[in-house]
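Below is a structure I'd like to ask you about.
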Amino acid sequence: MSKASTVRPERHETEPTHRPLVGAVIVAGFAVVLVLALVHLPREGAALPAVARYAMEVAIPKWGITEPVNEVVYGTRGFDTFGETFLLLAAVVAVIVIARHREPRTGFIGEHVAGTREQSQDGSRGGGGDEEARQAEKAEEPEESRTDRPVGTLVPDNEPIGTPGPERAQGMSVVVRVASRLASPMLAVAGIYLFAGGYSPGGGFPAGAVIAGVVLLTYAAFGYGRIARLVRPAVIEFVELVGAVVIIGCELMGLFLKGSFSANWIPLAEVQTIPSGGILQVFSTAEFIEVATGLVLAIFVILGMEHDWAGDRDEAEADNGSVSRRRRSRRPVRRSSARSGS
Amino acid sequence: MIVVNYLAAGALLCLGLYTVLTRRNLIKMIMGLSLIESSSYLLLISLAYRRASTPPVLLNPPQGQTESSLAKGNVADPVLQNFCLTAIVIGVAVTAVFLAVAVRVSQHYGSLDADRMRDMRG
């Protein structure tokens with residue numbers, strides 16, 4: 001098994017470095033310049049810049065909102081945020097393109113198991129890998145049919161202590177599941193409050209991050225099967241683009257109705273109410289959608305990455321030409337099991 | 001004394017830069033880039049600070065003050081707070097791009113060592 005060393009070439013004690021001395025000299029020189037610049041920055045006693053003062057003063061008269069940071073993000077500097085939103089979208093699209101699979105998928109994680117099952121039903125694959133795949137498939141079952149799954153072996157608490165890995169259950173132990181059940185609703189409400197109450201600190205960016213956190217928490221505690229119906233590319237990508245279209249439309253309406261891009265065209269509501277702030281709330285809500293789905297997409301797409309494009313040398317050597325068949329069937333769930341099987 | 005924060009941000013930036021320059025593991029280089037990112041958050045938030053100021057919020061002004069006197073008074077800089085707010089989310093998305101590239105690179109080369117990636121070396 002010489003390939004084990006090629007997969008994991010790094011050992012703890014001898015971490016390879018790249019010209020540490022040169023790096024240290026460059027960083028030291030850079031640090032000197034940086035310190036000179038930093039000590040001459042305006043300090044805590046400086047007057048507020050004119051941009052910031054303007055933003056503070058127009059918050060209530062012009063935008064009807066008591067939260068100047070939100071007013072800056074989605075109002076006075078709305079064009080900046082507009083650009084950042086599409087930077088975020090571009091980053092997410094880049095992740096999706098880099099991580100894309102050979103064939104279209106309906107879910108983010110675990111679909112290769114369905115391919116493996118198809119293969120084992122064909123009977124075209126023999127060997128010890130099959131048993132492994134079948135067990136893994138049992139563990140992944142909740143994705144398709146949660147209702148008729150046996151509530152036995154899949155819960156990690158029911159596994160005897162010291163069971164050899166890999167773990168079959170998707171969910172985590174009862175401690176994590178209970179904690180997650182308690183925390184997720186509270187976090188979800190807090191996240192929605194952050195963008196709904198736009199007149200108090202919050203806004204779409206932190207709210208989106210919180211909701212992405214709720215999705216991740218649920219995924220970590222209960223496994224992908226629990227959220228597979230909602231968290232799949234067809235849904236998340238669509239919602240993400242709806243958010244982007246709402247932002248473009250909201251900003252463009254200002255151009256058509258008020259003569260300038262990102263101008264407020266919605267009548268101001270009473271201060272300190274949910275609809276106060278005109279287009280700020282629309283933009284903030286759309287930004288919330290954009291950030292939440294964008295982060296969820298980026299994270300789940302990376303979690304679902306597989307060996308789709310790189311030729312797998314290990315398997316090519318081991319299987320002697322049957323690589324194409326393997327590829328179609330997706331990689332077996334765990335590399336180690338595949339190796340021991342072949 | 002806010003200059004201490006500035007210098008801490010500078011130190012974080014230098015640590016990140018040193019990591020990027022001298023490590024060969026791609027994941028550690030990405031961690032270095034994340035350090036540089038966080039140094040910018042610290043610097044932005046520290047630059048927004050004003051001595052004895054209130055946060056830039058006009059909600060429920062304290063006794064004896066009105067909302068417009070708050071707006072004209074001593075407040076922290078809302079524009080820099082805005083920059084920090086958006087930068088954090090963008091930073092996460094950009095890190096995701098780096099990580100996706102690192103996964104693909106490691107699949108292609110069977111390694112995360114940047115020194116092994118020499119296919120384009122003439």
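Just so we're on the same page: letters track the sequence lines, and every chain starts at 1.
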When A:Ile98, A:Thr85, A:Leu87 are compared by non-hydrogen pairs under 4.5 Å with chain B, the top option: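 Greatest number of close heavy-atom pairs with chain B: A:Ile98.
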
Test log, rule side chain to side chain contact (heavy atoms under 4.5 Å, CB included), inputs B:Leu15 and A:Val27: CA-CA 8 Å; B:Leu15 278 176; A:Val27 171; over 6 Å; no

A:Glu67 vs B:Leu58 side-chain heavy atoms within contact, under 4.5 Å: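 A:Glu67 does not reach B:Leu58 side chain to side chain.
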
Distance-minimising heavy-atom pair for B:Arg104 and A:Arg100: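 Closest heavy-atom pair between B:Arg104 and A:Arg100: NH2-O, 3.2 Å.
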
Heavy-atom check, side chain of B:Arg50 versus side chain of A:Leu48, under 4.5 Å: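 Yes, their side chains come closer than 4.5 Å.
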
Largest heavy-atom contact set with chain A, pairs under 4.5 Å, which of B:Ala114, B:Ala87, B:Gly73: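 Of the options given, most contacts go to B:Gly73.
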
Pick from B:Ala48, B:Ala93, B:Ala96 with the largest number of heavy-atom pairs that fall under 4.5 Å of chain A: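 Looking at each option in turn, the highest pair count goes to B:Ala96.
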
B:Thr86 side, atom OG1; A:Asp80 side, atom CG - distance, nearest 0.5 Å: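 It is 6.5 Å, given to the nearest 0.5 Å.
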
Options A:Ala46, A:Gly294, A:Gly208, ranked by heavy-atom pairs under 4.5 Å with chain B, top entry: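 Max contact count across the listed options: A:Ala46.
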
Nearest-0.5 Å distance, CE of residue A:Met56 to OG of residue B:Ser68: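 A:Met56 atom CE to B:Ser68 atom OG measures 11.0 Å (nearest 0.5 Å).
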
A:Phe86, CZ atom: more than 12 neighbouring heavy atoms under 6.0 Å: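 Atom CZ in A:Phe86 is crowded, with more than 12 foreign heavy atoms closer than 6.0 Å.
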
Donor-acceptor pair, side chain of A:Glu84 and main chain of B:Ile90, under 3.5 angstrom: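 Absent.
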
Atom group of A:Ala31 that falls short of 4.5 Å from chain B, counting heavy atoms: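 Contact with chain B: backbone and side chain both.
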
B:Asp77, part contacting chain A, at a heavy-atom distance under 4.5 Å: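 Both parts, backbone and side chain.
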
Where B:Arg24 and A:Thr17 come nearest, the two heavy atoms and their spacing: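 For B:Arg24 and A:Thr17, the tightest heavy-atom pair comes out as CD-O, 3.3 Å.
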
Side-chain touch A:Val72/B:Gln81, heavy atoms, less than 4.5 angstrom: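 Side-chain contact under 4.5 Å: no.
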
Heavy-atom pair with the smallest gap, counting every atom of B:Tyr6 and A:Leu38: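 The answer is O-CD1, 3.1 Å.
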
Neighbour count above 12 (heavy atom, 6.0 Å) for B:Tyr49 OH: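 Count over threshold, so yes.
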
Side chain, backbone, both or neither of B:Ala11 within contact of chain A (heavy atoms, under 4.5 Å):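 Neither the backbone nor the side chain of B:Ala11 comes within 4.5 Å of chain A.
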
Contact origin within B:Asn5 toward chain A - heavy atom pairs under 4.5 Å: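 For B:Asn5, neither part sits under 4.5 Å from chain A.
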
Nearest non-hydrogen partners of A:Pro68 and B:Pro56, listed with the distance: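 That would be CD-O, 2.9 Å.
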
Under 4.5 Å from a heavy atom of chain B, the part of A:Ala28 involved: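 For A:Ala28, no heavy atom lies under 4.5 Å from chain B.
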
Engaged part of B:Leu80 at the chain A interface, taking heavy atoms whose separation is under 4.5 Å: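 For B:Leu80, there is no contact with chain A at all, as no heavy atom is under 4.5 Å.
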
Over 12 foreign heavy atoms within 6.0 Å of CE, B:Met117: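 For B:Met117, atom CE is crowded (more than 12 foreign heavy atoms under 6.0 Å).
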
Non-hydrogen atoms of A:Ser200 and B:Leu59 that approach each other most closely: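 Closest heavy-atom pair between A:Ser200 and B:Leu59: CB-CD2, 3.7 Å.
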
A:Ile26 CD1 to B:Cys14 SG distance, which is reported to the nearest 0.5 Å: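 If I round to the nearest 0.5 Å, the distance is 12.0 Å.
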
Distance-minimising heavy-atom pair for B:Ala100 and A:Val95: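 B:Ala100 and A:Val95 have their closest heavy atoms at CB-CG1, 4.2 Å.
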
Exam field: side chain A:Arg53 to backbone B:Ala71, donor-acceptor pair closer than 3.5 Å: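 Present.
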
Residue selection (most heavy-atom pairs with chain B, distance under 4.5 Å) from A:Val92, A:Ile60, A:Val271, A:Ile299: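 So the answer, after comparing A:Val92, A:Ile60, A:Val271, A:Ile299, is A:Ile60.
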
Heavy-atom side-chain proximity of B:Val79 to A:Pro49 below 4.5 angstrom: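 B:Val79 does not reach A:Pro49 side chain to side chain.
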
Side chain to side chain, B:Val3 and A:Val39, heavy atoms closer than 4.5 Å: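 Side chain of B:Val3 against side chain of A:Val39, heavy atoms only: contact under 4.5 Å found.
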
Close side-chain approach of B:Thr22 and A:Leu21, heavy atoms under 4.5 Å: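 In short, these two side chains do not touch, never coming nearer than 4.5 Å.
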
Within-4.5 Å side-chain heavy-atom neighbours: B:Ile88 and A:Phe205: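 In short, these two side chains do not touch, never coming nearer than 4.5 Å.
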
Side chain to side chain contact (heavy atoms under 4.5 Å, CB included) between B:Phe83 and A:Arg77, worked out: CA-CA 10 Å; B:Phe83 289 159; A:Arg77 293 192 65 89; 3.5 Å; yes

Interatomic distance, A:His18 atom NE2 to B:Arg23 atom CZ [nearest 0.5 angstrom]: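 Result: 12.0 Å between the selected atoms.
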
Validation row: A:Arg19, B:Leu21 side chains within 4.5 angstrom (heavy atoms):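 With C-beta onward as the side chain, the pair stays apart.
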
